[in-house]
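Here is the structure we will look at.
Positions are given from 1, in the same order as the sequence printed here. Since the model is a prediction, treat every value here as computed from it, not as a measurement.
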Amino acid sequence: MKKLSLVFLCTALLAFTSSLQAKEQHGIAMHGGLKYPPNFTHFDFVNPNAPKGGELKHAVVGTYDTLNPFILKGTAPAQIRAVLFESLLKRVPDEPMSLYGLVAESLEIAPDRSWIIFNINPKAKWNDGSPITAKDVAFSYHTFLEHGTPGQQMYYKKVEKVDILGDRKVKFTFKKIEGKYDAEIPLIIGMMALIAEHDLKGKDFERTGLTPLLSSGPYKVAKVEPGRTIIYKKDPNYWGKDLPVNKGYFNFDTLRFDYYKNATVAFEAFKAGEVDMREESDVGKWAEGYNFPAAKKGLVQCLEIPHQHQVGMQAFVFNTRREPFQDPRVRRALAYAFDSDWLNKTMFHGALTRTTSFFDNTELAAKGLPQGQELALLEPFRKQLQKEVFEQPYTLPTFEKGSRENLKIARDLLKEAGWITKGGKLINEKTGKPFTFEILLNVPENEKVALAFVRNLKPLGIIATVRTIDAAQYENLRVNMNFDMIMHFWGHTMSPGNEQAFYWSSKAADEPGTRNYPGIKSPVIDALCNAITNAKEREDLVAAVKALDRVILWGHYVIPLSHRSKDYVAYWNKIEHPPLGPTGLPDLHTLWAKNGK
């Protein structure tokens with residue numbers, strides 16, 4: 001009995017000591033310290049004295065049919081999440097993963113990250129003038145836990161309980177998973193969008209509709225024309241306009257987003273001055289299309305910005321749930337057929353670089369052979385992985401010497417997998433079925449890349465087709481993993497975390513709405529996703545991400561495409577921007593109108 005009492009006493013003492021060690025602070029970093037001190041006045045990458053006023057006009061290709069950006073049903077308009085809905089903390093782009101006080105003026109966190117307390121700014125208000133309270137924070141959490149996207153539900157299930165400690169004080173306590181607390185979850189909760197209890201309680205949160213939810217951000221919805229236009233107007237009573245995290249942001253009085261059926265029409269609108277700026281993703285168009293009169297006269301500025309930021313992964317994605325793509329030899333064979341060199345030379349003016357990592361252009365990319373911590377992470381799985389993971393750097397086929405050698409390798413791999421050629425068609429040796437599949441697209445501009453791939457596959461006897469559908473149909477098929485192959489882009493931050501399980505884990509493979517589009521089910525990848533989540537120091541995170549990157553690449557779940565080493569942006573000279581740095585394009589909301597008009 002004395003022994004049990006002593007154990008209980010020690011446990012209570014540890015908990016009390018832990019609470020004493022949690023000091024009030026102005027922000028939180030995933031690893032290491034914060035760049036900006038408690039008394040900072042603005043972020044380095046903004047112009048804190050940017051003039052206010054004017055209108056910014058943007059073009060969007062596609063449509064929208066709901067003003068609720070938090071549900072899977074329907075398509076929400078551009079930027080509605082960013083300009084209407086705030087979170088407790090705000091993330092900054094010039095640190096890998098750091099958050100500073102927004103709706104929460106400060107926070108307290110346990111040293112082991114078992115809990116976090118948010119202290120809500122007494123000035124924080126909804127756009128109807130009512131205060132944002134701890135009850136609103138708890139309501140937001142419970143709503144997203146029950147009705148949110150699969151990603152939100154996956155994250156928020158790691159919360160043990162939410163305690164309202166006062167009108168402006170709320171505490172989140174987290175579950176211990178496999179003997180550890182998830183170090184990223186306090187930050188994820190800090191980035192959770194806030195919704196008002198008195199606006200939504202008792203209502204169907206998952207409804208679509210064109211009535212905006214009550215929000216607390218710098219703008220309000222001023223005009224709605226579904227599928228054509230949405231206009232946001234600055235809220236003159238916005239509570240947070242003078243916060244250090246908002247200095248230099250939200251400089252335009254009006255943000256207008258006009259919707260167009262395709263990129264060609266949107267580009268013509270830009271040339272005519274109906275759109276103020278555009279980021280150009282088509283390097284062919286950049287090379288040949290920006291010599292129109294206004295650009296020649298200097299009324300339109302065209303910038304090429306060399307960058308050092310992440311480029312993500314744009315790729316053809318195999319759906320391994322479908323029979324032709326379940327065999328990794330088949331997937332690898334098709335990669336040998338794709339002539340990226342020809343595409344780059346003939347369609348993209350040689351301006352693209354082949355992507356060879358999901359984290360290319362960053363320290364997180366798996367390059368060379370695994371070493372040090374990365375090798376130590378992979379070693380326990382040696383028998384479960386291809387030997388190439390340990391013996392060869394991941395590379396992609398090139399066509400500098402023509403296609404003959406690559407096609408021979410592709411044929412050999414297909415033959416090993418049970419596919420033979422008869423009458424010029426590739427058929428399965430056992431079933432006699434021909435090798436056919438469909439590439440599903442929602443962006444017409446991607447057709448030229450997909451059709452080039454279709455031509456590459458013909459010498460192998462593979463019959464591939466391309467189908468381009470509207471955004472709503474595409475999203476429905478993609479969310480439900482109902483496709484053979486798609487072109488998809490995975491972006492990332494410099495501090496990958498829980499979202500990697502959402503992208504690659506076995507659990508995510510069977511859940512509609514996740515981003516595990518290839519349908520990956522691998523215990524090794526599951527373990528590496530956990531290693532990322534549990535990384536205590538930056539070097540631990542880098543090693544775990546490199547290991548994950550390497551294993552996914554060698555699984556041949558995608559055929560990587562290419563990326564730009566420069567950002568291309570054009571804008572009418574009524575727009576001004578902060579100094580450009582190695583992170584490339586400035587945040588849209590840090591731009592301003594010349595002379596505020």
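Counting heavy-atom neighbours within 6.0 Å of Lys367 NZ, excluding the residue itself, gives a total above 12. Heavy atoms of other residues, nucleotides or ligands lying less than 6.0 angstrom from CD of Glu379 number more than 12. Atom CZ of Arg91 sits in a crowded spot, with more than 12 heavy atoms from other residues, nucleotides or ligands closer than 6.0 Å.
Across all their heavy atoms, Pro518 and Trp490 have their closest contact at CD-CZ2, 4.0 Å. In this structure, Ala78 and Val60 approach most closely via the heavy-atom pair CB-CG2, 3.9 Å.
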**Request:** Determine, stepwise, if the pair Ser506 / Asp526 fulfils side-chain hydrogen bond (donor to acceptor under 3.5 Å, both in side chains).
**Result:** CA-CA 7 Å; Ser506 300; Asp526 293 343; 2.8 Å; yes
**Message:** Could you walk me through whether Phe250 and Thr590 satisfy the side-chain contact (heavy atoms from CB on, under 4.5 Å) test, starting with their C-alpha distance in whole Å, then the side-chain angles of each, then the deciding distance to 0.1 Å, before giving a yes or no?
**Reply:** CA-CA 6 Å; Phe250 312 121; Thr590 64; over 6 Å; no
**Request:** Verify side-chain hydrogen bond (donor to acceptor under 3.5 Å, both in side chains) between Glu95 and Tyr100, making sure each step is shown before the conclusion.
**Result:** CA-CA 11 Å; Glu95 296 178 72; Tyr100 295 85; 2.7 Å; yes
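Side-chain atoms of Asn480 and Asn476 form a donor-acceptor pair, as typed in the model, at a separation below 3.5 Å.
Each of Phe257, Tyr260, Phe270 was checked for a ring-ring contact (aromatic ring centres under 6.0 Å, His included) with His58, and the lone residue meeting it is Phe257. Among Tyr503, Phe318, Tyr517, the one residue that satisfies the ring-ring contact (aromatic ring centres under 6.0 Å, His included) test with His488 is Tyr517. Paired with Asn246 under the rule side-chain hydrogen bond (donor to acceptor under 3.5 Å, both in side chains), one option of His589, Glu86, Lys90 passes, and it is Lys90.
When atom types are taken as modelled, the side chain of Asp327 and the backbone of Pro324 share no donor-acceptor pair closer than 3.5 angstrom.
The distance between the ring centers of Tyr219 and Phe85 does not fall below 6.0 angstrom. In summary, the aromatic rings of Phe359 and His492 are positioned with their centroids under 6.0 Å apart.
Thr514 is not listed as a side-chain neighbour of Trp504, based on a closest heavy-atom distance of 4.5 Å or more. Looking at heavy atoms from C-beta onward, His349 lies out of side-chain contact with Asn344 at the 4.5 angstrom threshold. With contacts defined as side-chain heavy-atom distances shorter than 4.5 Å, the pair Arg81/Phe70 qualifies.
For the pair Glu184 and Lys158, the salt-bridge criterion is not met [side-chain N within less than 4.0 Å of a carboxylate O].
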